[in-house]
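Residue numbers start from 1 in every chain, and the chains themselves are labelled A, B, ... in the order their sequence lines are given, proteins ahead of strands.
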There are 2 protein chains.
Amino acid sequence: MVTLKDVAKRAGVSLSTASYSINGSTLITDVTKQKVLAAAKEIGYRPNGLAKNLKEQKTNIIGLFLSGFTGPFFTDMMEGIQDVVIQNGYELMVYASDDKHRLLVERYVDGAIILNYHMKDSFLKSVADEKLPCIVLDRELESTFIKPVLLPNEQGSAMAVNHLLKKGHKRIGYMTGSVESYDGESRLKGFKKEIQKHDIRLSDQDLLRADFTEQSGFAAMRQYIDEHGQDLPSAIVCANDEMAMGAIRAIQGTGLKVPEDIAIIGFDDIYVSQYFNPPLTTIKVPRKEWGKTAAHALFKMMDPDYECDIDESVSVELMSRTSG
Amino acid sequence: MVTLKDVAKRAGVSLSTASYSINGSTLITDVTKQKVLAAAKEIGYRPNGLAKNLKEQKTNIIGLFLSGFTGPFFTDMMEGIQDVVIQNGYELMVYASDDKHRLLVERYVDGAIILNYHMKDSFLKSVADEKLPCIVLDRELESTFIKPVLLPNEQGSAMAVNHLLKKGHKRIGYMTGSVESYDGESRLKGFKKEIQKHDIRLSDQDLLRADFTEQSGFAAMRQYIDEHGQDLPSAIVCANDEMAMGAIRAIQGTGLKVPEDIAIIGFDDIYVSQYFNPPLTTIKVPRKEWGKTAAHALFKMMDPDYECDIDESVSVELMSRTSG
DNA sequence: ACAATGAATTGAAACGTTTCAATGGCAATA
DNA sequence: TATTGCCATTGAAACGTTTCAATTCATTGT
């Protein structure tokens with residue numbers, strides 16, 4: 001491996017001069033600098049990031065920690081984060097883990113954005129510190145070195161409920177996802193709150209549980225219809241679009257019509273939703289903006305004087321299409 | 001920052017004993033080991049990955065280097081790669097860059113999978129070496145430390161052409177993406193080859209160029225129809241599904257019908273395609289398997305004795321739906 | 001009782017950088 | 001000519017580990 005030492009030897013200067021030259025210090029004369037640069041090029045020198053990081057106690061990398069790459073939801077958000085991170089002279093590295101979270105524990109990053117239900121609150125608290133501030137996107141945890149940037153899930157659910165009430169629905173069901181998901185649980189909470197607010201009774205029977213995938217939505221709905229025959233709500237709100245799509249397919253499969261027999265509202269407004277048949281009424285989440293906001297918040301933690309150009313807070317919007 | 005030194009001091013042993021204990025060496029007695037582990041826990045010791053990596057000249061990280069996170073295409077592939085990488089005791093880190101590619105140059109990874117048209121062949125050649133083998137997914141470059149794992153694009157295009165010929169089409173157009181894309185160009189090449197093989201004339205006019213996004217497909221098609229009025233091919237093959245969907249929307253927008261007036265075939269079989277209206281006929285790319293194959297190939301380069309459990313080669317399949 | 005064996009522990013070098021502090025040389029000033 | 005001050009360069013320590021080689025110490029065999 002070609003090291004700075006080799007470059008220095010070749011250029012006939014000391015190690016430190018070589019280092020200064022490579023890093024463009026003003027101390028070094030141009031002629032020496034050129035000599036070093038030429039030598040580096042000749043022997044194909046590449047700086048060793050690991051050594052540099054060890055010395056500087058800093059990687060210039062921001063980590064995005066996910067529980068998995070699955071689902072169409074995250075790419076927009078990554079783009080948003082990436083934009084801001086690059087703009088600040090850092091790199092973004094995306095990482096999915098369910099167990100040891102090594103890259104976080106072992107300080108591979110200068111800051112982290114967390115959207116990973118596999119990480120326990122206590123784990124995050126033990127890991128976040130001055131040199132490694134964290135933004136959490138999936139829990140309400142807050143401390144000196146941990147700040148949440150959350151979606152207005154409850155508000156979104158309320159929008160969906162009100163939309164349906166306005167259309168005259170009297171009995172509204174809900175399909176929720178896995179319990180581990182913060183977004184899932186807070187969407188459910190918002191739904192229940194708004195239902196109560198309007199003095200509507202919500203029987204346990206009308207609360208379906210699936211796991212956010214389309215398949216699970218399909219299966220849950222199919223089973224629900226099998227069990228409760230003709231005694232169905234006239235509308236169902238789903239905790240995400242994929243389950244909504246699964247539910248719709250299940251309903252259609254039994255000969256019922258959406259939205260005529262059962263209206264369905266989703267959440268997220270993923271790309272497919274507008275093309276689905278029928279086009280999905282849903283709560284739009286501005287994923288890219290969410291990512292940007294998170295990244296800005298992170299840089300603000302890393303540098304209290306940091307100036308965000310645009311720090312929009314995350315808001316949510318009802319897309320009224322055909323399905324509900 | 002709590003270091004191993006602190007742990008050693010606290011446990012009343014030497015630095016090296018502490019290190020051996022943490023790493024579970026059999027040399028150390030259990031009682032000492034426990035003492036060290038307890039001390040580590042008490043003061044909240046976390047190993048410093050950077051220091052470790054520097055010493056070991058190895059990160060246990062595999063990098064996936066993309067040009068961007070955009071588009072629905074990549075998540076499946078990431079999953080495939082992730083599975084294999086984890087299974088081998090490594091971590092996967094995903095990274096998008098268009099310029100300096102720092103994480104690759106500075107040896108942050110032990111191996112790399114490349115799908116990034118921003119990286120020049122010469123750059124890759126200069127960067128790949130014994131300690132950093134590369135799998136390329138987007139070019140035919142091959143050397144001792146670089147191996148390609150490619151999609152059978154030409155074969156896929158041929159399938160599409162033959163499918164259309166069998167349906168009686170005599171004049172088939174093609175919508176291609178940006179020139180930088182290997183997949184795009186080889187799909188085009190396969191199309192031309194198969195067309196020639198059947199002695200069909202392909203006028204330049206019937207070759208549309210867009211940039212792989214749905215919008216660009218829409219725009220290109222719209223303009224094409226505006227310009228060439230009634231003189232249209234009866235079928236068009238598109239280099240990916242997104243453009244196909246854009247093209248279909250443009251066609252439908254002028255009152256024409258798909259597939260009755262113009263048949264459309266896409267490429268990739270992204271998730272949306274089956275739900276599109278009309279459901280998209282397309283060439284299915286097994287993205288997850290592609291990822292797995294690439295990862296296996298990489299580990300084989302990193303260790304010639306590496307045994308893959310399943311090393312399927314990548315194949316492609318025509319999904320005959322409604323659009324073409 | 002003493003050397004030989006072996007196990008447990010430790011000292012110290014190394015990984016490739018950055019950067020502080022020290023050095024050397026040279027021109028300008030006195 | 002001797003002193004000052006500046007500038008370019010260099011030596012050496014440090015970052016937190018791992019691991020080879022050396023050391024200590026108890027145990028065994030003779």
- Picking from dG16(C), dA8(C), dA8(D), which would you name as closest to the side chain of Thr32(B)? dA8(C)
- Message: Nearest whole Å is fine: how far is dT17(C) P from Leu50(B) CG?
- Response: 14 Å
- Item | Leu15(A) CG - dC20(C) C1' separation (whole Å) | 14 Å
- Task: For the side chain of Gln57(B), starting at C-beta, report the closest nucleotide among dT18(D), dC15(C), dT10(C).
- Result: dC15(C)
- Do Phe299(A) and Tyr90(A) make the cut of ring centroids closer than 6.0 angstrom? yes
- Which is true for Ser16(B) with a 4.0 Å heavy-atom rule: it touches a base, it touches only sugar-phosphate, or it touches nothing? base
- Query: Are any of the side-chain nitrogens in Lys131(B) or Asp110(B) under 4.0 Å away from the carboxylate oxygens of its partner?
  - Reply: no
- What is the nucleic acid contact for Arg107(A), judged by heavy atoms within less than 4.0 Å: base, sugar-phosphate only, or nothing? nothing
- Query: Does the distance from a Lys or Arg side-chain N to an Asp or Glu carboxylate O, for Lys147(A) and Glu142(A), drop under 4.0 Å?
  - Reply: yes
- Side chains of Asn153(A) and Asp183(A): donor-acceptor distance under 3.5 Å anywhere? yes
- Starting at atom NZ of Lys5(B), determine the distance to atom P of dA12(C), rounded to an integer number of angstrom. 13 Å
- Please give, in whole Å, the distance from dA7(C) C1' to Lys33(B) NZ? 13 Å
- Item | Nucleotide nearest Lys55(B) when distance is taken to its side chain, options dA8(C), dA14(C), dA12(C) | dA14(C)
- Check if the side chain of Tyr20(B) and the base of dC20(D) share a donor-acceptor pair of N or O atoms closer than 3.5 Å. yes
- Is any side-chain nitrogen or oxygen of Thr3(A) closer than 4.0 Å to OP1 or OP2 of dC15(C)? no
- Message: I'd like to know if Asp268(A) and Arg287(A) make a salt bridge, using a cut-off of under 4.0 Å between side-chain N and carboxylate O.
- Response: no
- Separation of dT19(D) C1' from Lys58(B) NZ (nearest whole Å): 17 Å
- Message: Looking at the base of dG11(D), is there any donor atom on it, or on the side chain of Ser14(A), that sits under 3.5 Å from an acceptor on the other one?
- Response: no
- Of the candidates dG11(C), dT9(C), dG16(D), the side chain of Leu54(A) sits closest to dG16(D)
- Could you pick out which residue, Gly12(B) or Leu4(A), lies toward the 5' side of DNA chain C when each is mapped onto its nearest nucleotide? Gly12(B)
- Query: How close or far is atom P of dG16(C) from atom CG of Asn53(A), stated in whole angstroms?
  - Reply: 15 Å
- Check whether any side-chain nitrogen or oxygen of Ser19(B) sits under 4.0 Å from OP1 or OP2 of dT18(D), and answer yes or no. yes
- Interatomic distance, Lys131(B) NZ vs dG16(C) P [rounded to whole Å]: 10 Å
- Item | Whole angstrom value for the distance that separates C1' of dT17(C) from NZ of Lys52(B) | 20 Å
